[in-house]
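Just the heavy atoms: all of them, side chains too, but no hydrogens, waters or symmetry mates, feed the values below. Chain naming here is simple, since letters A, B, ... match the order of the sequence lines and numbering starts at 1 in each.
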Amino acid sequence: MTTLIQCIDLNVSIADALLLTRLNLNVEQGDYLCILGPNGAGKSTLLKCLMGLLSATNGKILFDDKSIKKIPQKALAQLVSYVPQANGRRLSFIVEDFVKMGRYPYHSVLSEWRPEDQNACDVAIEITEISPFLNRQMDTLSGGECQRVMIAAALSQQTPILLLDEPTSFLDPRHQVDVHRLINKLNKQHGITIIEVSHDLNHASQHGSHILALKQGQTIWQGKAGDFIEQQRLYTLYDQNFVFAIHPQTGAKIALADEMIEANE
Amino acid sequence: MKPNHQLIVITVLSIIILLVSPWLGLDAFMATDIKQYILNEIRIPRVLFAFIAGAGLAVCGMVFQAMFHNPLATPFTLGVASGASLGAAIYVSLGLSFTIVGIDGTSLAAFIGALLAISIVYSISHFRHGFSTETLLLTGVAISFFFSSLILFTQYLSNITDSFHIMRWLMGRLNIVGYHDVLQLLPFVTICIAVILWLGRELNLLMAGDDIALSRGVSVKRIRYILFFITSLCVGAIVALCGPIGFVGMMVPHICRLLIGNNHYWLTPATILFGGSFLIVCDTIARLIIAPAEIPVGVITTLLGGPFFLWLLIKSRSRIT
């Protein structure tokens with residue numbers, strides 16, 4: 001397996017606030033990395049660094065051994081695509097137009113729309129199954145549909161790495177499952193390396209390959225996803241008691257935040 | 001209707017407006033040579049002037065709406081026009097008069113004012129990460145007030161002639177004679193429109209959000225600076241010559257969005273044509289409504305724009321809740 005992304009001693013601070021401290025991370029091709037942690041832990045900060053929206057105060061980020069600072073924005077967009085949080089951003093583009101906008105990094109001002117562009121969009125549309133509403137305006141779609149369009153637009157970028165920021169928050173359980181199935185498919189069948197910020201412990205530990213747990217910018221734990229769920233670790237991470245169960249079909253360990261016991265007991 | 005058909009309709013209507021409006025209000029009993037003179041030296045330049053200014057204001061408004069993801073954000077509502085007005089007012093009251101490479105000093109002063117205002121709005125709204133509608137508009141209002149009082153102050157310090165000159169100009173005017181002002185304005189607006197047409201795909205992505213734009217490979221900062229610079233130049237030139245003609249930059253692009261959608265490939269040309277025709281129509285109304293006297297065109301656009309602004313505000317509020 002080849003290492004795609006390396007973060008070495010990454011520090012990020014804005015003004016006086018330290019958002020990430022001494023983060024070390026290796027992401028290999030085909031990984032499905034889930035970033036977990038309480039709100040304000042630095043999860044989104046890390047995503048922003050990986051897409052070039054924020055730059056490291058100290059330390060470095062390497063893509064294929066090349067520093068992110070030396071990669072032009074368009075070239076970076078051919079490596080990494082991004083699906084933002086699905087909270088109420090109202091976009092009034094036609095779905096098809098928006099998916100096509102994902103081809104931006106492959107074009108200059110004068111270049112024509114090419115067959116390979118159309119092909120990339122067609123594939124993205126097919127995988128995400130959004131063809132029934134291609135001609136609709138995005139703000140008329142449901143949350144789940146809109147999230148699939150967002151993913152399709154990122155897929156049309158044809159990048160080996162896909163970043164997702166809480167792709168299933170704000171969705172109902174059925175659409176959460178829909179979107180997660182889609183992400184699993186992208187990872188397993190299409191070999192796309194996934195980095196997902198999430199609050200869904202159970203999905204992360206069952207379907208992710210690796211987990212990075214952050215709290216106040218510090219790395220609490222990282223390792224294989226299957227080893228993640230453990231009482232003391234979850235308590236440290238979230239300051240919250242969990243109860244555990246075994247999934248009747250898969251035998252995987254499931255954690256549930258417990259409302260019965262106060263956190264400080 | 002498809003966007004390309006709509007664009008054809010808008011083009012045809014614009015051409016009709018351009019051709020018909022110079023003839024409106026020409027006294028039928030006037031001697032032919034006087035009529036010809038009025039047409040050639042007053043009406044046609046005035047209509048062209050209105051078209052260019054309207055197109056420029058509308059297209060700058062469109063860019064602001066896209067960059068700030070907000071239909072209420074325009075050079076006028078964010079105080080950029082006031083900044084330009086202040087620059088021009090200072091220039092007039094200081095009694096300055098110079099030209100640099102054929103460009104009138106008023107335009108340069110207005111450009112500096114506009115750029116100053118835009119920098120203040122941008123840094124304040126950017127200061128607290130991401131700009132909510134409220135922060136942005138309140139910043140704009142504050143800046144407008146601040147610059148307006150500075151304009152009053154310069155007016156107070158000027159002599160009575162300059163003071164009247166400034167006041168009349170602040171109402172927005174298009175009553176020019178001959179082609180000098182048309183030729184002064186044309187290069188600024190043309191350059192601005194060319195750059196904005198060139199950056200259509202970037203505008204689409206910026207409208208989707210800075211994070212999306214960046215992740216698609218747009219060099220957001222650089223594009224933003226180019227757009228700020230070019231719109232300041234355009235708004236500065238228009239304000240210097242016509243005064244702050246309000247709300248064209250808000251109404252026109254928004255109506256075009258409703259008609260033709262948000263894809264700038266279609267939206268930009270539609271906004272240019274519609275903006276130009278819209279200002280011609282407003283100016284023709286201003287010219288005819290209490291003929292033989294004229295109302296400043298800025299009064300008409302602001303009378304239309306005020307209620308439109310409120311409607312947009314109420315609509316966007318009800319959307320959020």
Colleague: Just wondering, do A:M101 and B:R201 contact through their side chains at under 4.5 Å, heavy atoms?
Modeller: no

Colleague: Would one find more than 12 heavy atoms of other residues, nucleotides or ligands at under 6.0 Å from atom CZ of A:R114?
Modeller: yes

Colleague: Among the options A:A154, A:A153, A:P72, pick out the one with the most heavy-atom pairs lying under 4.5 Å from chain B.
Modeller: A:A153

Colleague: Taking atom NZ of A:K60 as the centre, does the number of heavy atoms from other residues, nucleotides or ligands within less than 6.0 Å exceed 12?
Modeller: no

Colleague: Go through the atoms of A:V109 and report whether side chain, backbone, both or neither lie under 4.5 Å from a heavy atom of chain B.
Modeller: both

Colleague: If you take all heavy atoms of B:G217 and A:K74, which pair is closest and at what distance?
Modeller: O-CG, 3.5 Å

Colleague: Counting only heavy atoms not in B:Y265, do more than 12 fall under 6.0 Å of its OH?
Modeller: no

Colleague: Could you give the distance from NZ (A:K48) to OG (B:S215), rounded to the nearest 0.5 Å?
Modeller: 12.5 Å

Colleague: Would A:M51 and B:D211 satisfy side-chain contact (heavy atoms from CB on, under 4.5 Å), going step by step from the backbone distance to the final call?
Modeller: CA-CA 9 Å; A:M51 58 189 262; B:D211 52 349; 3.9 Å; yes

Colleague: Measuring heavy-atom distances to chain A, does B:V220 have an atom under 4.5 Å in its side chain, in its backbone, in both, or in neither?
Modeller: neither

Colleague: Within 45 degrees of the ring normal and closer than 6.0 Å to the centroid, is that where the cationic atom of B:R216 sits relative to A:F98?
Modeller: yes

Colleague: How long is the span from the CG atom in B:N263 to the NZ atom in A:K100, to the nearest 0.5 Å?
Modeller: 9.5 Å

Colleague: Once rounded to the nearest 0.5 Å, what's the spacing between atom CD1 of A:I94 and atom CG of B:N262?
Modeller: 8.5 Å

Colleague: If I measure from the heavy atoms of chain B, does A:A75 come under 4.5 Å with its side chain, its backbone, both, or neither?
Modeller: neither

Colleague: So does A:E116 have more than 12 non-hydrogen atoms from other groups sitting under 6.0 Å from CD?
Modeller: yes

Colleague: In Å and rounded to the nearest 0.5 Å, what is the CG to OH distance from B:L205 to A:Y104?
Modeller: 7.0 Å

Colleague: Got a sec: does the CZ of A:F133 have more than 12 other heavy atoms crowding it under 6.0 Å?
Modeller: yes

Colleague: Between A:L76 and chain B, which part of the residue has a heavy atom less than 4.5 Å away: side chain, backbone, both or neither?
Modeller: neither

Colleague: Please say whether more than 12 non-hydrogen atoms of neighbouring residues, nucleotides or ligands are located less than 6.0 Å from CD in A:E126.
Modeller: no

Colleague: Once you round to the nearest 0.5 Å, how far does CG of A:D97 lie from CH2 of B:W266?
Modeller: 10.0 Å

Colleague: Would you call A:L91 and B:M207 a side-chain contact if the rule is heavy atoms closer than 4.5 Å?
Modeller: no

Colleague: Roughly how far, to the nearest 0.5 Å, is the CG atom of B:L214 from the CG atom of A:L54?
Modeller: 10.0 Å

Colleague: Could you check whether any side-chain N or O of A:Q137 sits under 3.5 Å from a backbone N or O of B:G261, counting only pairs where one atom can act as donor and the other as acceptor?
Modeller: no

